[in-house]
Amino acid sequence: MGRGDAAAGDGGLMDILALPRLVWEFVVYLFAVMPDLLPIILSLATPLALGALCGVLGERSGVVNIGIEGIMLMAAFFGYLTGFALHEPLGTGAALALGIVVAVATGALLGLLHAWLTVTVRADQIIAGTMMNIAAFGVTGYLNRLIITPSGRGGAGVIPPFHLPDQLATLPFLGPILAMFLDQGPIAMSVILLVLISQFALFRTRWGLRTRAVGEHPKAADTVGIDVFRQRYLNVIVGCGIAGLAGAYLTLESTGSFQNGMTNGRGFIALAAVIFGRWTPLGSLLGALLFGTATAFGIIVNVRPAEGDLGTLMKTIPTFWYAALPYLITVVILAGVVGRSTPPAADGIPYAKEGKG
Amino acid sequence: MRRWRARLAPTWSKAQVPVYSIVLAFAVAAVVVIVSSAFTASGFDPLLPFAAYARLFAGAFGSGNGVANTLVAAAPLMFGGLAVGIGLKAGLFNIGVAGQFLVGAFAAAVTGAALAAAPTIVGMPLAMLAGGLAGAAYGFIPGYLKARTGAHEVVTTIMLNNAAALLLTWAVNDLVRAPGFSFPRTADIGQSALPILAGRNLHLGIAFAVAAVFVIRWILVRTTLGFEIRTVGANPSAARYAGMRPIFITALTMTISGLLAGLAGAIQMLGVIGFYAPGITASVGFDSIAVALLGRSDPIGILFAALLFGAFRAGAPLMQIETSVPIEVIDIIQALVILFLAADLIVRRVFRVRAPKIEIVELATVTGSWGAGTPPPGTAG
Amino acid sequence: MSDKTSVLEMRGITKRFPGGTLANDAIDLELGEREIHALLGENGAGKTTLMNILYGLVTPDEGEIRIDGTPVAIQGPADAIARGIGMVHQHFMLVPVLSVAENVVLGQEITGVGGVLDMRTAERRIRELAERLGFSVDPGTRVNQLSLGQQQRVEILKAIYRGARILVLDEPTAVLTPQETREIFGVLRRLRQDGTSIIFISHKLDEVLEIADRITVIRRGKVVGSRKPAQTNKDELAELMVGRAVSLRVDRGQSHPGDVTLEVVGLRALDDRRHEILQGVDLNVRAGEIVGIAGVGGNGQDELVECVVGLRKPNAGAIRLAGRDITRQSVEGRRDLGIAYVPADRQRFGLVLPYLLPDNFVLTRYGEVPYAGGLGGFVRQDQPIRNEAGRLAKEFDVRASSLDVAASTLSGGNQQKVVVAREFRHDLRVLVVDQPTRGLDVGSIEFIHKQVIERRDAGVAVLLVSAELDEVLDLSDRILVMYRGRIVGTFAAAEAQREKVGLLMATGEART
């Protein structure tokens, strides 16, 4: 009996010392990889943040859109297709710029469809979004197999990122942080601007006040003469245009190619970011950055493995687990956050005027 | 004759909108096929859809083999459609069938391989059971989270789909990789395979699937559990008031849903694939959603919808090979069917349908619980 | 007062709803300048529909609206506002999470460059306006922090801010205490003085007689009479309203209370926002006694009821049924012990609207023999369920074309009868009724009140909660006043004066 207890005590003592040391090593490791980590966070978070902005704009006005995933995918494809078709006659730059325009227009058009379905037809919003996702998967897969794959040609490449002058990028501490925001392509850099504008507009302008009123209590808005339908159409279309920009980012700024189903759940992570950010643009950007960090971390541990005990420990965790990390974190965070945040009261509920023929 | 018409009238009034939706979906998809043909090497061909649909039909029903293929493809869709359908009845939208399917298929593959040498009567049921339980466990997670925290299943199940694919790839690579193959896969299931009933590939799983349709129908319509599930879906507040436990029912229904999705994976594994390898596709995921919606989340409706989509999946390869119309046209048709079901006023205008609207009332509960675990207000506006 | 020029005329207004209900049948209505014109009628008579037509929320099938003698087309609320019509809806049209100022200016915002809101100017104007109407309001407060009386003033501000000359108030006193009612009447009189014409919708005879210059009575979508208050009385108005002579008092009879059946001791509980809403409630109800809880909505009545029936878990305190502690019992367990509950919101809690009637009739008893049996009570038994449904429908006079219709197709009164029929069973010991007659017609109200009294006389302990003070006063043998999560006063029926109870409801203190 006694000996057993002693042995257990020894083990416990070792554990007590090992844990703080591991934590310390982890902190040191994080600082060491910071210059590599920070610049990729924003680029990984960009499609999430733009998708989340689409979610915020729609849901604030009372329209749930689980089709963000599909809208991104469609926009990514048609943006890519534009570059693919036009870069020979028009040149790379013009083709890419047109690609972005087409992607945003694709998003906005699909937004029009979603708004028509959810606002005018009063179809179930979740079903409308599901339809969008399946349609996107089908249409892009269909055209990819029909047009792009047999041609054997590539796309227009990627928009060249802006490069921070070396003097700035190598500054201690400040350098990586500057690089995080400025060593990026134009779409990634526009994220911060779009989020700030939306945040201001939502809480300080007439459009924002009406949006919030329509999303909270559409009938109250209706009785003071606000056109609930028009407001919802506007928000959904603008939001989906932004989701289209996220699609453009994937094919035209990030990878330069299109693969079937390449959005890979990003549209849904964006929805989690919306909830995490309590339906505010800034908050959901924070959520997107958090998920971006989780993904970036999964990449960095492979590129620059840790050393010492921490390294040994982290190596025992298989690569696929790191890859699954963002998805699992999304689930955990969603479970922790929901219930503590309140969605717009009329979120997901179609508005029907009574007694109107 | 007249008596028959009177008998069929109620059924037809229910089936009218779904049937017309399918017709309309084919028509619109035909336009897509014609327009897109202009961008191919073979050039613009306004008759292409007729050729394509003819091949699709021939592939699905043109031969004994074709019919067998249709039934084989329909079986997992019946299980998957029931998984989505029973979830909808409780106001839950399980779009995680793909993940639960993979987990079920994997568990069935591993168990089947372990019992490869045992008699079929032992190995096959155990492998089926393992697949079902694994799916149930994987469905329980989002169900529990929804019930306890309000985390919406639409997001959590999609995340778990992605996580399942990655984690199972790891498991096949590192845990159960069979020696002697050039790529990571599990060992052969040997004797654990589902027995073939007829022809080349018509396996016993079809019988299981049809049986499941009637079992689920019985549970939903005839039992107190079914009444509880339906009440939680139709009005969670009233369910709580009536002394039911929506939290328990929500978690339980997601578990049953996962069980059915896991069984879909198991019969596909034990009846068709035979071993688990990363990248086995689960088109069953999306297909099941379409099947459940087309079947109006009613088990008998799901049976027919599964047969239809099974026929699409069975016929599509022949269509792609002989007419070069990409197989993804099936996904487009699927999306269009859902579109026309959701916006049924289009169908009503085009076909002048006057039958009353058959709504899936529980959908209001699904959407109403978005964002937070609050029950939805009773009425719109 | 017919010498006054009329600012508003509605001629031959007819509205038929899908399903055939004739809500308004050729209604004529005229509103004089500086007139308070009461529109009297029971629930469902068509008053609200008529006003929604005036406000552009409902399109009439026939009829004409004239303002200052000119025919106008009102397509939507924006048109109504532009014509100087303002409306205070029965269910307030305020966005709870927005501030008072944001609610008031919504739709007519004061903005600078690029649509940026100028809330400072807005808040200043609102303060001035409130002062002119004789009350004070903090424009920066969120509406969900305000009492119902304050919210109503915000609604009036909203209308006046938009320049309303014609103000419609739909059942404005339904949720107010007698004191708040008096205050709102003061505001209305001041508005009339300032030149506003007012339509006042109500089904309360006393109030109508007190405030109105003219009373128009509507029954089943038709105008059945118009009177000056001085030339009529309550009995005549009641008969006009209902179409037959009605007794205005509930004949409660003598109660014969027995032993204490339901006992609540030191009950504390949180609300959905995790604030402690019940702060130590003590009460008991004896067999054969109706105890009514009076209180302004939101003072913890709903939570108290939920604790008693098992839908909410208390943090502290105990609930006893005939001496037996049931604090930890489930909803089902309590029901088995003889506690029945008629919830306030029948459509959300009491019924499953898409279900057919038989399933609704057994909603709370679906698992009991004989409605379930076989395989350990797992299989539902259709025939016993149908039999019971048929019996209850007959006994409680539920009017439906057949048992096989969805509950959603029934009228409000018949829906409530389904709930009451199901809950008022014969082996009851405690009956909890929350707002049992909200929104019902007089016939249904009488029927349900009679049923409650019958159960009391059979020895059931009845706990009644109602936001309608009159209902509590009419039905209860003993009245408890609830204020901020506590019972602050008890009255025997004989000594409960409306004013005294109302004061306690509003302030939590009895002024001496």
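Hydrogens, waters and symmetry mates are skipped; everything else that's a heavy atom, side chains included, is used. In the text below, chain A, chain B and the rest are named by the order of the sequence lines, each starting its count at 1.
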Please round to the nearest 0.5 Å and tell me the distance separating atom [atom1] of [X] and atom [atom2] of [Y].
X: A:D222; Y: C:Y55; atom1: CG; atom2: OH; answer: 9.0 Å
X: A:R206; Y: C:Q108; atom1: CZ; atom2: CD; answer: 11.0 Å
X: A:W207; Y: C:E109; atom1: CH2; atom2: CD; answer: 13.0 Å
X: A:R212; Y: C:E102; atom1: CZ; atom2: CD; answer: 5.0 Å

What part of [X] is in contact with chain A, defined as an atom under 4.5 angstrom from a non-hydrogen atom: side chain, backbone, both or neither?
X: C:V97; value: side chain
X: C:H89; value: side chain
X: C:L106; value: both
X: C:R274; value: neither

Top contributor to chain C contacts, counting heavy-atom pairs under 4.5 Å, from A:A201, A:A220, A:G225 = A:A220
Neighbour count >12 (heavy atoms, 6.0 Å) for atom CZ, C:R11 =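 Counting other residues, nucleotides and ligands, CZ of C:R11 exceeds 12 neighbours.
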Sort A:D227 into side chain, backbone, both or neither according to what part of it lies under 4.5 angstrom from a heavy atom of chain C.
-> neither
Where does A:L209 contact chain C at under 4.5 Å (heavy atoms): side chain, backbone, both or neither?
->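 Looking at A:L209, backbone and side chain both touch chain C.
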Mind checking whether A:H217 and C:L94 have side chains closer than 4.5 Å, heavy atoms only?
->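 With C-beta onward as the side chain, the pair stays apart.
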For the candidates C:G112, C:A159, C:G107, which exhibits the highest count of non-hydrogen atom pairs separated by less than 4.5 Å from chain A?
-> C:G107
For chain A, which residues from residues 117-127 of chain C lie under 4.5 Å away (heavy-atom distances)?
->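 Result: C:L117.
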